Enquirer: 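To start, I am sharing the structure in question, which I have written as structure tokens.
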Amino acid sequence: MPLDKQYDPAQFEPAIYKKWEESGAFTPRHADTKPYVIMLPPPNITGTLHIGHALQDTIMDVLIRYHRMLGQPTLWLPGTDSAAIATNRVLEEQLAAEGKTRQQIGREEFLRRADAWYAKTGQEIIQQMKRLGVSCDWSRLRYTLDEAYIQAVNQAFVEFYKRGYLYRGERIVNWDPASQTTVSDLEIDWHTEKAPFYTLQYGPFQIGTARPETKFGDKYVVMHPADARYQQYQHGETFEAEWINGPVTATVIKDESIDPAFGTGAMTITPWHDAADFAIAERHNLDKQQIIGFDGKLLPIAGACAGLTINEARPKIIEQLTKKGLLVAVDENYQHSVALNNRGKGVIEPQVMRQWFVDMSQLKDKALQAAAQESVRFVPTRWKKHFMHWLENVYDWNVNRQIWLGHRLPVWWKPGTHGTEHEEGNFVVSVDPPAGGGEGWEQDPDVLDTWFATALWPFATLGWPRKSAARSRGKPSDLELFYPTSVLVTARDILYLWVARMVFSGLEFMGDVPFREVFIHPTVLAKDGRRMSKSLGTGVDPLGLITTYGADAIRFGLMYQLHYDSQAIKFDEEAIKSGRNFVNKIWNIGRLLESIPKRDTPTIADQWITQRLHATIQQVTQSLEQYRFGEAAHVLYDFVWRDVADWYLEILKVEGSTTVARQVFAALLRLLHPFMPHVTEVLWEKSGRSDLLMTAAWPTAGKVEAATDALAHFQDIVSTTRRARALFDIPPKVVVDLAVTAAPLPQALAALSRARLVPAATA
RNA sequence: GGGUGCAUAGCUCAGUGGUAGAGCGCUUCGUUCACAUCGAAGAGGUCGAAGGUUCGAUCCCUUCUGCACCCACCA
């Protein structure tokens with residue numbers, strides 16, 4: 001049956017995907033050879049596929065398909081993440097629209113709504129991934145809130161606790177009064193804002209602040225020990241100062257963290273509401289006083305301002321200070337940074353709270369060692385430096401959150417003890433509620449930081465902690481077979497949030513790294529270099545692109561733009577269009593080969609294209625091994641379009657071996673398959689193969705010899721003739737006489753030059 | 001304050017210690033039956049600036065400038 005002139009992706013893609021799925025080839029075949037394993041970074045169930053996913057998924061699918069064709073047992077394990085904070089916010093917004101709060105409807109009803117919502121949206125992103133053609137093992141699909149995963153998270157928490165890494169501590173944390181929860185350092189966005197900077201008289205000192213509302217409790221003034229201006233004041237000496245609500249006794253503290261060049265070089269501290277001040281207070285064992293409540297309103301210590309929000313209180317405080325003559329100066333043009341919760345968008349108010357922390361001091365060393373020794377290897381290598389730098393400076397990790405969605409802490413409290421002064425000895429950390437020993441144990445109301453759960457992804461998805469649970473009798477378990485995984489493919493923005501935590505969690509619980517390599521791919525930006533975002537209107541819908549151009553086109557277009565060392569891809573739809581055109585070119589090469597009558601008289605052109613093919617196999621293979629996807633795509637593009645289409649096939653129309661041509665084309669389909677799986681599979685089938693291209697063997701390069709000069713000579717003659725025709729404006733229909741002394745491929749030469757060969761005049 | 005990446009044709013970007021490359025766009029020509037999602041010919045670049053190493057630098061080194069991003073407890 002003749003093929004259409006143009007390849008129509010919509011006509012073939014769904015059927016091809018179905019065929020792949022039904023073949024069972026997405027599931028790894030057990031074998032003795034080393035498996036190749038990738039864990040899909042679980043996308044948030046709340047989201048839809050964006051172009052960054054399309055890029056990342058294509059990279060993983062290229063790797064997976066390549067390794068599958070190499071004959072390795074290949075596992076790409078998919079899954080989704082509950083993204084508790086984001087979902088929590090979505091649900092609260094929905095409730096707000098109904099004029100309700102989560103507290104009003106209660107925890108049970110809230111979680112019921114969450115389940116309903118997950119059920120509705122959970123499959124969406126998976127369907128979208130399938131349209132891209134990804135070859136995940138769907139039989140192993142996991143979800144961070146499925147029953148077994150919850151068990152793994154509980155087990156990890158209990159184990160961390162038993163091994164002494166988890167502790168309950170009173171520390172300064174990022175509190176979001178709007179969402180009523182703590183937030184990770186890594187999930188804060190800093191926005192610069194202009195705010196008045198006040199210089200205030202504090203006893204004999206002048207101190208600066210942009211946050212006068214925190215100043216009520218100030219009773220320490222801090223300066224650098226070497227600051228000559230304050231030599232006469234001794235560390236620890238006290239003095240009386242008139243302050244906002246009356247006289248206070250203040251103490252002088254000398255601390256090296258103070259920058260003498262900033263302002264007056266002296267400052268008062270608010271340990272309860274500032275991390276730096278907290279550190280100073282800890283060093284010198286100073287008192288800490290809460291000024292702002294968890295609802296964001298000032299506490300009774302603020303006197304007349306108690307109960308007011310920060311914005312309401314500020315002018316009053318300044319008025320009071322002015323009245324007392326304590327306001328020395330105001331800089332209206334001061335720029336400072338304000339911390340926002342990047343999920344909930346509330347303004348962060350640091351607070352001292354009793355929270356769960358993971359002690360990083362030992363865990364970080366293990367991860368650092370793994371990076372230093374390259375038992376986890378970063379690609380490109382510069383990310384190793386970033387990774388290590390972050391770990392070297394990491395703080396203990398606050399792991400509980402005060403929202404309702406997510407993994408609830410496996411911590412059980414005696415009634416009425418949680419959050420009181422007398423917590424010690426009144427809780428039990430265990431997966432199951434404590435049996436006996438009194439009734440009414442209450443489970444801790446908090447849930448875990450979402451990254452605590454995803455840190456376990458590489459092994460919890462394989463069945464941990466049931467280490468030896470075999471899938472079938474006598475066979476090794478998934479955990480034994482597939483851990484550690486081969487490579488993690490991810491974006492740089494979660495290098496710390498997620499990658500680092502997987503590394504130390506894997507080392508801790510599995511005794512080995514979770515992946516041998518980490519490939520950090522570029523970020524996809526809008527064409528003009530801005531971030532892709534819905535609010536900027538710069539986002540691109542990959543599904544729309546798939547509908548317009550086909551999955552193969554978007555895959556190839558993305559890979560073609562993926563250059564090894566760049567941090568960003570400026571997304572240009574033209575590249576996708578170009579991918580579509582390339583796919584169509586392949587399709588038409590298939591058509592042409594069908595139409596040329598069989599003939600087996602090899603020429604130097606056949607010899608030449610075979611050599612070029614081998615060089616191409618070598619280059620593409622090497623590029624894939626090095627994660628140089630853009631390079632591989634370019635090599636393929638140039639080979640197909642320049643060598644195969646423009647020269648070899650034009651010659652083949654006139655003379656040469658269709659047998660060689662078909663061999664070259666078959667090898668080409670294999671090389672292209674990871675990049676454009678659908679069209680290559682269709683052509684494979686149309687060429688009469690009954691097996692799947694997906695599981696065909698990756699081509700191996702024969703001996704690569706230098707390309708024959710004879711063809712270069714041929715190309716020279718043709719090009720020269722064409723240039724001459726253009727120069728003299730000879731219409732295509734006019735056949736010219738061409739006199740050459742030695743004519744390689746005479747028939748092809750005549751055809752491509754639109755010439756009649758005549759004997760060269762002998763001198 | 002520290003760090004990373006980038007700077008090459010009008011645009012988006014490859015690339016190499018030795019006469020500069022692609023795609024798109026542009027100019028001219030062409031639908032002979034693989035493909036107009038195509039083919040042929042062509043125009044277009046002191047490879048960000050300044051120094052240095054070298055027989056020779058767009059490439060290696062130093063400094064600078066501009067852009068983007070990351071980290072950081074700027075009161």
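Protein chains get the first letters and strands the later ones, always in sequence-line order, with residue 1 at the start of each. This one's a predicted model, so the numbers in the text were calculated from it and none came from an experiment.
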Enquirer: A:R754 or A:K577: which one's nearest nucleotide on RNA chain B is closer to the 5' end?
Expert: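 Its nearest nucleotide lies further toward 5', so the answer is A:R754.
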Enquirer: Determine, using ring centers only, whether A:W641 and A:Y637 are less than 6.0 Å apart.
Expert: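 Ring-ring flag for A:Y637/A:W641: true, centres closer than 6.0 Å.
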Enquirer: Compare the minimum distances between each of B:A75, B:C13, B:G3 and the side chain of A:H386, then state the nucleotide with the smallest one.
Expert: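 The listed nucleotide nearest to A:H386's side chain is B:G3.
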Enquirer: Return yes if the base of B:C35 and the side-chain atoms of A:K5 contain a donor-acceptor N/O pair under 3.5 Å, otherwise no.
Expert: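 It does not, because no donor-acceptor pair links the side chain of A:K5 to the base of B:C35 below 3.5 Å.
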Enquirer: B:A41, B:U4, B:C38: which one has an atom nearest the side-chain heavy atoms of A:K385?
Expert: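 The listed nucleotide nearest to A:K385's side chain is B:U4.
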Enquirer: Mind checking the C1' distance from B:U19 to B:G56? Whole angstroms is fine.
Expert: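 The answer is 13 Å between these two C1' atoms.
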Enquirer: For RNA chain B, whose closest nucleotide is more 5', that of A:E631 or that of A:L727?
Expert: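 Nearest nucleotide further toward 5': that of A:E631.
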Enquirer: Taking the C1' atom of each, how far is B:C55 from B:G2, in whole Å?
Expert: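 To the nearest whole Å, 41 Å.
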Enquirer: Regarding A:E594, tell me which of base, sugar-phosphate or nothing describes its non-hydrogen contacts under 4.0 Å with the strands shown.
Expert: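 Touches nothing.
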Enquirer: What nucleic acid atoms does A:H563 come within less than 4.0 Å of, heavy atoms only: base, sugar-phosphate, or nothing?
Expert: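 Touches sugar-phosphate only.
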Enquirer: Decide whether A:T251 and A:K219 meet the rule of one side-chain donor and one side-chain acceptor closer than 3.5 Å.
Expert: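 No, no side-chain donor-acceptor pair sits under 3.5 Å.
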Enquirer: The side chain of A:S719 is closest to which nucleotide in this list: B:A34, B:G39, B:A41?
Expert: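 The listed nucleotide nearest to A:S719's side chain is B:A41.
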Enquirer: Examine B:C38: is either OP1 or OP2 under 4.0 Å from a nitrogen or oxygen in the side chain of A:N581? Give yes or no.
Expert: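 It does, given that an N or O in the side chain of A:N581 lies less than 4.0 Å from OP1 or OP2 of B:C38.
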Enquirer: With sequence neighbours left out, write down each residue that passes ring pair (Phe, Tyr, Trp, His ring centres under 6.0 Å) with A:W684, or none if nothing qualifies.
Expert: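 Counting only residues at least two positions away or on another chain, A:W684 forms no ring pair (Phe, Tyr, Trp, His ring centres under 6.0 Å).
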Enquirer: As a test of reading the structure: which of B:A75, B:A34, B:G23 is closest to the side chain of A:M267, going by heavy atoms?
Expert: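 Selected nucleotide (nearest to the side chain): B:A75.
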Enquirer: Base, sugar-phosphate alone, or nothing: which one does A:Y560 contact when heavy atoms must sit under 4.0 Å apart?
Expert: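 Sugar-phosphate contact only - A:Y560 comes under 4.0 Å of backbone atoms but never of a base.
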Enquirer: A:Y496 side chain: which of B:C74, B:C71, B:A34 is closest?
Expert: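 Given the options B:C74, B:C71, B:A34, the side chain of A:Y496 is closest to B:C71.
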Enquirer: Under a plain distance cut-off of 3.5 Å, with no hydrogens placed, do A:W587 and A:Q6 share a side-chain donor-acceptor pair?
Expert: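 A:Q6 vs A:W587: no donor-acceptor pair found between side chains.
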Enquirer: So A:A276, base contact, sugar-phosphate only, or nothing? Heavy-atom distance under 4.0 Å.
Expert: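 Base, at least one base atom sits under 4.0 Å.
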Enquirer: Look at all strands and tell whether A:K570 reaches a base, only sugar-phosphate, or nothing, counting heavy atoms closer than 4.0 Å.
Expert: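 Since only primed, P, OP1 and OP2 atoms lie under 4.0 Å of A:K570, the category is sugar-phosphate.
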Enquirer: Answer yes or no: is there a side-chain heavy-atom contact under 4.5 Å between A:Q56 and A:V524?
Expert: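 They are not in contact (no side-chain heavy atoms under 4.5 Å apart), so the answer is no.
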Enquirer: Please classify the nucleic acid contact of A:A575 as base, sugar-phosphate, or nothing, using heavy-atom distances under 4.0 Å.
Expert: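 It contacts nothing in the nucleic acid.
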Enquirer: Without hydrogens or angle criteria, can the side chains of A:E187 and A:W451 be said to hold a donor-acceptor pair below 3.5 Å?
Expert: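 Yes, because at least one side-chain N or O of A:E187 sits under 3.5 Å from a partner of the opposite role on A:W451.
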Enquirer: Which residue pairs pass the side chain to side chain donor-acceptor pair (under 3.5 Å) test with at least one member in residues 568-584 of chain A, sequence neighbours excluded?
Expert: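 Matches after skipping sequence neighbours: A:Y549-A:E573.
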Enquirer: Side chain of A:R382, heavy atoms from C-beta onward: which of B:U4, B:U37, B:C74 has the nearest atom to it?
Expert: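 Nearest nucleotide to the side chain: B:U4.
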Enquirer: Give a yes or no on whether the ring-centroid distance for A:H191 and A:H336 is below 6.0 angstrom.
Expert: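 Distance test on ring centres: not under 6.0 Å, no.
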Enquirer: Which nucleotide wins on minimum distance to the side chain of A:W641, given the candidates B:G23, B:G39, B:C35?
Expert: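 Side chain of A:W641 sits closest to B:G39.
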Enquirer: In terms of side-chain heavy atoms of A:Y395, which of B:A41, B:A36, B:C73 is nearest?
Expert: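 Taking heavy atoms from C-beta onward, the closest nucleotide is B:C73.
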Enquirer: Do A:T523 and A:R492 meet the criterion of a side-chain donor-acceptor pair at a distance under 3.5 Å?
Expert: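 A donor-acceptor contact under 3.5 Å links the two side chains.
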Enquirer: Counting side-chain heavy atoms from C-beta on, which of B:A75, B:C35, B:A41 comes nearest to A:N584?
Expert: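 Among B:A75, B:C35, B:A41, the one nearest the side chain of A:N584 is B:C35.
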Enquirer: Quick one: label A:D259 by what it contacts on the DNA or RNA (base, sugar-phosphate, nothing), any heavy atom closer than 4.0 Å.
Expert: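 Answer is base: heavy atoms of A:D259 come under 4.0 Å of a base.
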Enquirer: Are any of A:Y198's side-chain N or O atoms less than 4.0 Å away from OP1 or OP2 of B:A75?
Expert: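 Checking A:Y198 against B:A75: no side-chain N or O falls below 4.0 Å of OP1 or OP2.
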Enquirer: Looking at A:K733, I'd like to know whether one of its side-chain N or O atoms comes within less than 4.0 Å of OP1 or OP2 on B:A40.
Expert: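 Checking B:A40 against A:K733, no side-chain N or O comes under 4.0 Å of OP1 or OP2.
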Enquirer: With P as the reference atom in both, quote the distance from B:G5 to B:C73 in angstrom, rounded to an integer.
Expert: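 Roughly 23 Å separates the two P atoms.
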Enquirer: If I pick the C1' atom on B:G15 and the same atom on B:U58, what distance separates them, to the nearest angstrom?
Expert: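 It works out to 10 Å between them.
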Enquirer: Describe the nucleic acid contact of A:R492 in one word from base, sugar-phosphate, nothing, applying a heavy-atom distance below 4.0 Å.
Expert: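 A:R492: backbone/sugar contact only, no base atoms under 4.0 Å.
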Enquirer: Quick one: does A:Q561 reach the base of B:A14 with a side-chain donor-acceptor pair under 3.5 Å?
Expert: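 Not at all, since no donor on one side and acceptor on the other fall under 3.5 Å apart.
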Enquirer: Could you please name the option among B:C73, B:A34, B:A68 that lies closest to any side-chain atom of A:Q567?
Expert: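 For A:Q567, the side-chain atoms sit closest to B:A68.
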Enquirer: Note every stem involving RNA chain B: at least three consecutive Watson-Crick or G-U wobble pairs, i with j then i+1 with j-1, with both distances under 3.5 Å.
Expert: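 As far as RNA chain B goes, consecutive pairing (with distances under 3.5 Å) yields the stems B:1-7 with B:65-71, B:10-13 with B:21-24, B:26-30 with B:38-42, B:48-52 with B:60-64.
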Enquirer: For the pair A:F504 and A:W397, name the ring-plane relationship: parallel under 30°, tilted 30 to 60°, perpendicular over 60°.
Expert: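 Plane angle over 60°, so perpendicular.
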Enquirer: With rounding to the closest Å, how many angstrom separate the C1' atoms on B:U62 and B:U54?
Expert: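 One C1' to the other, the span is 16 Å.
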Enquirer: Under 4.0 Å, heavy atoms only, any strand: does A:L593 hit a base, just the sugar-phosphate, or nothing?
Expert: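 No contact at all - A:L593 keeps every heavy atom at 4.0 Å or more from the nucleic acid.
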Enquirer: Are OP1 or OP2 of B:U37 and a side-chain N or O of A:R591 less than 4.0 angstrom apart?
Expert: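 The answer is no; no side-chain N or O of A:R591 sits under 4.0 Å from OP1 or OP2.
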